[in-house]
Participant: 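Got a structure for you, questions after.
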Amino acid sequence: MTAMCSDGRAIHPYSASAAVVGRAMAFSPSAPSPSTPPPQLPHKLDTIRSMDELKQIQAAILKTPSPQSSPVLAKILSFCALSSPHIAHARSLLAHIDNPSLLMYNTVFHSLSRSNRSLVSTSIMFYEDMLEKGLRPDSFTFPYLVKLFANSQALQAGEALHAHAIKMGLDANVYVRNNLMSLYAVCGEVRSIWKLFDGFPERDLVSWTTLISGYTKAGLAKEAVEVFKEMLSENLRADGVTMVAVLSACAELGDLELGRNLHRYIGAREVDMDVFVGNALVYMYSKCGDVDSAYQLFNQMPVRNVVSWNSMISGLVNNREFKQALELFRQMQSEGIEPDAVTLVGVLNSCASLGALELGQWVHAYINRNGIEADGITGNALVDMYAKCGRIDRAMEVFGGMAHKDVYTYTSMIVGLAMHGRGEEALDLFAAMSSAGVKPNEVTFVGVLSACSHAGLVDVGLRHFESMSAAYGLVPQMEHYGCVVDMFGRAGRLDKAQDFISSMPMEPDAFIWGSLLGACRKHGDVALGETVAKRLLDVEPQEEGAYVLMSNLYTAGNRRSDGLRMRKAMRANKVRKTPGCSLIEIDGVIHEFRKGEELHPLAKEVYAMVAEFGRRLNIDSSQDEARHHSERLAMAFGLIGTRPDTPLRIVKNLRVCHDCHSVIKSVSRLYNREIVLRDRYRFHRFKDGWCSCNEFW
DNA sequence: TTAGGGTTAG
């Protein structure tokens, strides 16, 4: 009856020391009896601090006439799942009890299944012990074990267990089966889920729900919705959990019509609208592009938790409502709701898009202060935020400090370097990524190819383009073809660009033609430009791009009247213009300027400042069509509103025009300011009259 | 002592 204790000492359960007995006696002064357990023991177990304390209590139990039925012993066993030395202790304890009950083993499995650690082999060990003791698993044993395996996504072990359940004749039990289905769902084994669902006549709502969410997790949202419809046709009534599952399938599909119907079903069938259902609805509406409904629902929710806020914030982010996302975050703060890592990722994405460096830095500090791991998605979001806010140095720092770099980490960094015109470094990093064994994806190649394009590395870029399919099995998409066209175009190889376009396996879109037309403008090829402009107008007749580029091209080629003709045609055809918009963050507040607009409270001062640097640079304002472009307004505001040594960071939604580019260069020298401008495609860092892009953008 | 649910990037 001697067993090894976890720390290696032999213990004998029936020879507890006098001190232990004395202590135990204090708990139970009267003669111990199984029907009246010592009243203080269970309470004591909740606050137990050391193994010694536990052993003392245990020794007292084992002295009772039938220790195996003591509820305190069961408590000790569940307590033991907390750490591996304790688990070893539980095992030795079970080993020297004469007739441990199935309940005791189930207790152990239950507590093991609630642990966050991977305990697959441990539980198999207990399971084998149990069989050796001549005990047979029941319909409780399997669900615990299956859940345990599901926690670790241990598919093979799960399948073995499934086989054993069949052998024991327990696979028909609906609990066992539903558990197995969810294990297969976690592992993405759709066929196995279906077989379990389809193979037995007895199904309940849980079986249907598990099938629906299994399909959704496996990316088969359409099938999931079909299953839901079939369920309804069998006159089953969905509850909240089922609705959450099917709403998440609906969100994947982006099917707003279906989503509204599901919402109506919830109302009509009086499905309990708990916080899960509310969150799923908010997420569904925002995923389907109906942010207003999402927001309305969010505001009506009687109970909200951090996931509700996260769903709404990330919904706004997905719909590119970044300013609103940040406003909502501020509201969340003022209501005293603690953000978690998911919240902060949404906030960081918004900061990245808006160029809100100060808030982004605040989030970084918050992450550090609260011990949130800056690895994984959070770290990736930080890298992206710093890179997009113009602090490529900080992006590198965070990147360097990350222990686990995945394809997103590398891609964010590569894209960031490319945007900063640091093409060679981007390519070095791409090489390092391969050495680290991280496989690139399509987006990585957008970064690599645009790095080549911005650095003028045509041949290197072409090699990478070809390696996409040859070495990585990736299918180049429109944006990759666009990068290559851009690459040829910038390098002035317009004929090559044309050849390349005709070799494309798909119809070129507006970006492809726009890129080639931009190259025609840059290299003054009016004849080719006219052909390309026609093609661009075929693809998108209502957009301004072709008109503006052609008008500029004519004007540059001394064909002013043709240029004016384009402007007129543009007005006549009611062409849609994307208004230029620039943002600048000062003291954590984001200020927005649109071309020619005077809505800002300090508009008067801003326009006066624009006029001032126009004068000082000797620009004839009547000839300066671009004088009220949004980036100049933002720059003027920055000059007024910050100390003289503060760098200005401006984010623009369109590509910066040539006139503004040269004005900003001059302003950087005149006012001795560093000005960092992110336009639609890349960063420009202006200093002492120079720009980091070297006129290459 | 038994199962099914919502939010995270380039």
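This one's a predicted model, so the numbers in the text were calculated from it and none came from an experiment. Each chain gets a letter, A, B and so on, in the order the sequences are listed, and its residues count up from 1.
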Participant: Could you tell me how far apart A:M181 (CE) and B:dG5 (C1') are, to the nearest whole angstrom?
Facilitator: 15 Å
Participant: Between A:F276 (CZ) and B:dG4 (P), how many Å, whole number?
Facilitator: 12 Å
Participant: For A:G240, report the nucleic acid contact type (base, sugar-phosphate, nothing); a contact means any heavy atom under 4.0 Å.
Facilitator: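 Base contact.
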Participant: Output the rounded distance in Å from CD1 (A:I377) to C1' (B:dA9).
Facilitator: 6 Å
Participant: Which nucleotide in the set B:dG4, B:dA3, B:dA9 lies at the smallest distance from any side-chain heavy atom of A:V241?
Facilitator: B:dG4
Participant: Determine whether the aromatic ring centres of residues A:H110 and A:F140 are separated by less than 6.0 angstrom.
Facilitator: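 No, ring centres 6.0 Å or more apart.
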Participant: Consider the side chain of A:S182, meaning its heavy atoms from C-beta on, and name the nucleotide among B:dT8, B:dG4, B:dT1 that approaches it most closely.
Facilitator: B:dG4
Participant: Mind telling me whether A:H162 and A:Y184 have parallel, tilted or perpendicular rings, with 30° and 60° as the class edges?
Facilitator: tilted
Participant: Send over the distance from A:H110 NE2 to B:dA3 P, rounded to a whole Å.
Facilitator: 7 Å
Participant: Is any N or O donor-acceptor pair between the side chain of A:N380 and the base of B:dA9 shorter than 3.5 Å?
Facilitator: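 Answer is yes: a donor-acceptor pair is held.
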Participant: Tell me whether the side-chain N or O atoms of A:S213 pair up with the base of B:dG5 as donor and acceptor below 3.5 Å, since no angle test is needed here.
Facilitator: no
Participant: Over how many whole Å does the gap from A:M312 atom CE to B:dT8 atom P extend?
Facilitator: 13 Å
Participant: To the side chain of A:N349, which of B:dT1, B:dA9, B:dT7 is closest?
Facilitator: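 It is B:dA9.
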Participant: Counting only side-chain heavy atoms from C-beta out, which of B:dT1, B:dT7, B:dA9 sits nearest to A:S311?
Facilitator: B:dT7
Participant: Which part of the nucleic acid does A:S412 contact within heavy-atom distance under 4.0 Å: base, sugar-phosphate only, or nothing?
Facilitator: sugar-phosphate
Participant: Choose from B:dA3, B:dT1, B:dG4 the nucleotide whose nearest atom is closest to any side-chain atom of A:D239.
Facilitator: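 For A:D239, the side-chain atoms sit closest to B:dG4.
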Participant: Among B:dA9, B:dT7, B:dG5, which nucleotide has an atom closest to any side-chain atom of A:V244?
Facilitator: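 The answer is B:dG5, which lies nearest to the side chain.
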Participant: Determine the contact category for A:L348: base if any of its heavy atoms lies under 4.0 Å from a base atom, sugar-phosphate if only primed atoms, P, OP1 or OP2 are that close, otherwise nothing.
Facilitator: nothing
Participant: Does A:D274 reach a base, just sugar-phosphate, or nothing at all? Heavy atoms under 4.0 Å.
Facilitator: base
Participant: Just checking A:F329 against A:W309, ring centres under 6.0 Å apart?
Facilitator: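 No, the ring centres sit 6.0 Å or more apart.
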Participant: By the 4.0 Å heavy-atom rule, please label A:V446 as base, sugar-phosphate, or nothing.
Facilitator: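 A:V446: no heavy atom of the nucleic acid under 4.0 Å.
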Participant: On the nucleotide B:dG5, are OP1 or OP2 found under 4.0 Å from the side-chain N or O atoms that A:K217 carries?
Facilitator: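 Yes.
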Participant: Indicate, with a heavy-atom threshold strictly under 4.0 Å, whether A:L205 touches base, sugar-phosphate, or nothing.
Facilitator: base
Participant: Would you mind classifying the nucleic acid contact of A:T411 as base, sugar-phosphate or nothing, using non-hydrogen atoms under 4.0 angstrom?
Facilitator: base
Participant: Looking at A:Y127 versus A:H164, is the centre-to-centre ring distance below 6.0 Å?
Facilitator: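 Between A:H164 and A:Y127, which both carry aromatic rings, the centre distance is below 6.0 Å.
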Participant: Answer yes or no: side-chain N or O of A:T210 and base N or O of B:dG4 forming a donor-acceptor pair under 3.5 Å.
Facilitator: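 Checked by distance alone, the answer is no.
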Participant: With heavy atoms under 4.0 Å as the rule, sort A:T343 into base, sugar-phosphate or nothing.
Facilitator: nothing
Participant: With a non-hydrogen cut-off below 4.0 angstrom, is A:D204 in contact with a base, only sugar-phosphate, or nothing?
Facilitator: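 Here A:D204 touches the bases of the nucleic acid.
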Participant: Contact class for A:D384 (heavy atom, under 4.0 Å): base, sugar-phosphate, or nothing?
Facilitator: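 The residue A:D384 makes sugar-phosphate contact but no base contact.
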Participant: Inspect the contact between A:R203 and A:D198 and indicate whether a charged nitrogen and a carboxylate oxygen are less than 4.0 angstrom apart.
Facilitator: yes
Participant: Rounded to whole angstroms, how far apart are CZ on A:F200 and P on B:dA3?
Facilitator: 19 Å
Participant: Take atom CG of A:N178 and atom P of B:dG4, then tell me their distance rounded to the nearest Å.
Facilitator: 9 Å
Participant: Is there ring stacking between A:Y408 and B:dA9, where the centres must be under 5.5 angstrom apart and the planes under 30 degrees?
Facilitator: yes
Participant: Is any side-chain N of the basic residue among A:R394 and A:E397 closer than 4.0 Å to the acidic one's carboxylate O?
Facilitator: yes
Participant: Of the nucleotides B:dT1, B:dT8, B:dG4, which has the atom closest to the A:N106 side chain?
Facilitator: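 The answer is B:dT1.
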Participant: Rounded to whole Å, how long is the line connecting atom CZ of A:F126 with atom P of B:dT1?
Facilitator: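 Going from A:F126 (CZ) to B:dT1 (P), I get 21 Å.
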Participant: Would you indicate what A:D138 reaches in the nucleic acid, counting non-hydrogen atoms under 4.0 angstrom: base, sugar-phosphate, or nothing?
Facilitator: nothing
Participant: Should the pair A:D129-A:R91 be classified as a salt bridge under the 4.0 Å nitrogen-to-oxygen rule?
Facilitator: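 Between A:R91 and A:D129 there is a salt bridge, with a charged N closer than 4.0 Å to a carboxylate O.
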Participant: With centres under 5.5 Å and planes under 30°, do A:Y283 and B:dT7 count as stacked?
Facilitator: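 Here the ring of A:Y283 and the base of B:dT7 are not stacked, as the 5.5 Å and 30° limits are not both satisfied.
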